[in-house]
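To start, the structure itself, in structure tokens.
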There are 2 protein chains.
Amino acid sequence: MPSPKRDHLVDTAAALFQRDGFHATGIDTILAEAGVAKMTLYNHFKSKDELIVAALEVEGARYIAWLRGRADSLAEEPGERLLAIFDALEEWFEREGFNGCVFMKAACEYGPVTNPVHAAAAAQKRAVFDYMLENATSARLKDPRNLAQQLLLLHEGAIAVAHEFGAPIAARQAKRAAAVVIEDAG
Amino acid sequence: MPSPKRDHLVDTAAALFQRDGFHATGIDTILAEAGVAKMTLYNHFKSKDELIVAALEVEGARYIAWLRGRADSLAEEPGERLLAIFDALEEWFEREGFNGCVFMKAACEYGPVTNPVHAAAAAQKRAVFDYMLENATSARLKDPRNLAQQLLLLHEGAIAVAHEFGAPIAARQAKRAAAVVIEDAG
DNA sequence: ATCGAGGTAAACAGGTCTGTTCACATATAT
DNA sequence: ATATATGTGAACAGACCTGTTTACCTCGAT
């Protein structure tokens, strides 16, 4: 059931999970920040985990829309767009308060691949892969599937390193590696 | 102060953190598993966070020793060793019960780069970088620093993707990308 | 033989956590 | 005007968390 309160709750939760992680963010904190009653939460969701999954889904949609939007506006050709992805990443890393990737955090905190939270995080990464595959195919590059998988590795690696070391420059290094890999598939 | 009890405690903690994460692993669980009294913990460490840092340090030493050992035994030439790193990763990912990287989990759960736990995790990643740089330099490859950074991206990306999707094959994809990037620096 | 270091066991304190209960408010659509 | 759905507020239960206190044990070195 859609509802403005529900949406606001999910948005607030997504922001706090992003900033502080999942186990470290209590329900009461989210409710206070959102200005919503506890029973409203438990009317819309069976548990905190369900709220987490919902938050990951909307945040996932937001991220992929942002990534496509940035890359598509930075470059016209699909081959160029594959590279533009890493320019978009750099913009993200440079933003004040960059604190890592909420989907990576979800996969880390909910380790087992069978866990619904982990699965929701993986689904978002798959959407990134799909966007890469789309462009690799349009660009008529060799073995687009393999290329997209390698670019996904660089995407994840850039996020991890940028966060671990507080080093936004990881995006540019990933872009250089991506250029070499794409060239190889040309 | 070294002590067998202390060592056993740290080892047990490292294993449980690795498996279940940090916030999700309570002190009592660790103590029960290790068969050690709570006061022994608090005699050796001021807090849980200090225990976490100690666990990351010993686990970090263990990981880097294992990685060097595997890569050095799989290949003689430094250039080959850079590639062998990814063969070692594949062995790791294929092990039953592979559940992601405890250092990545630490960086994720303790987001702020200034956090001591985060810093301990980053230090371990730097040791991996150092090993890569060492080999890139010995192999007289172009811009070894840059190359090592790109290989670190692939290392992190492979771990992240392998865990997110339960896909050990990420190691082989990373190896292929690494080959291209190394070739480019040849 | 005695002293001190390291370890043990168990209870305790004080928080925080998720999730529930229940009585009440509001607003919209019929 | 009244029924239905949605939200509120506050208290509560019960579990779990980190860290402390206290009394006791054991064993090796002096």
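Every chain is numbered from 1 and lettered A, B, ... according to where its sequence line falls, protein lines coming before strand lines.
- A straight line from CD of B:E50 to C1' of D:dT18 spans 14 Å, rounded to a whole angstrom.
- Rounded to a whole Å, the CZ atom of B:R6 is 13 Å from the P atom of C:dG6.
- For CD of A:E91, the number of neighbouring non-hydrogen atoms (other residues, nucleotides, ligands) closer than 6.0 Å is greater than 12.
- Qualifying salt bridge (Lys or Arg N to Asp or Glu O under 4.0 Å) partners for B:D49, counting only residues two or more places apart in sequence or in other chains: none.
- OP1 or OP2 of D:dT8 sits under 4.0 Å from a side-chain N or O of A:T40.
- Residues from residues 51-59 of chain B with heavy atoms under 4.0 angstrom of DNA chain D: there are none.
- The interatomic distance linking B:L41 (CG) with C:dA9 (P) rounds to 15 Å, in whole Å.
- B:K38 is linked by a salt bridge (Lys or Arg N to Asp or Glu O under 4.0 Å) to B:D28, counting only residues two or more places apart in sequence or in another chain.
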- Base, backbone or nothing for each nucleotide of nucleotides 12-22 of chain C, written B, S, -, heavy atoms under 4.0 angstrom, 5' to 3'? ------BBBBB

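- Taking B:H23 as the reference, B:Y110 meet the ring-ring contact (aromatic ring centres under 6.0 Å, His included) condition, with sequence neighbours excluded.
- The neighbour count for A:R62 CZ, taken as heavy atoms of other residues, nucleotides or ligands under 6.0 Å away, is above 12.
- Through chains of ILVMFWY side-chain contacts below 4.5 Å, A:V180 is grouped with B:V180.
- Between B:L9 atom CG and C:dG7 atom C1' the separation is 12 Å, expressed in whole Å.
- Among residues two or more places apart in sequence or in another chain, the ring-ring contact (aromatic ring centres under 6.0 Å, His included) test is passed with A:F86 by none.
- Taking A:D130 as the reference, nothing meets the salt bridge (Lys or Arg N to Asp or Glu O under 4.0 Å) condition, with sequence neighbours excluded.
- Rounded to an integer number of Å, the gap from CG of A:D7 to P of D:dT6 is 14 Å.
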Every protein N/O lying under 3.5 Å from an N/O of nucleotides 24-30 of chain D:
none

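- Look at NZ on A:K5: it is 13 Å from C1' on C:dA27, rounded to the nearest Å.
- Residues passing the side chain to side chain contact (heavy atoms under 4.5 Å, CB included) test with A:A65, sequence neighbours excluded: none.
- For B:F129, there are no ring-ring contact (aromatic ring centres under 6.0 Å, His included) partners at least two apart in sequence or on another chain.
- Scored by the side chain to side chain contact (heavy atoms under 4.5 Å, CB included) test, A:Q124 finds A:Y63, A:F103, A:V128 as partners (sequence neighbours excluded).
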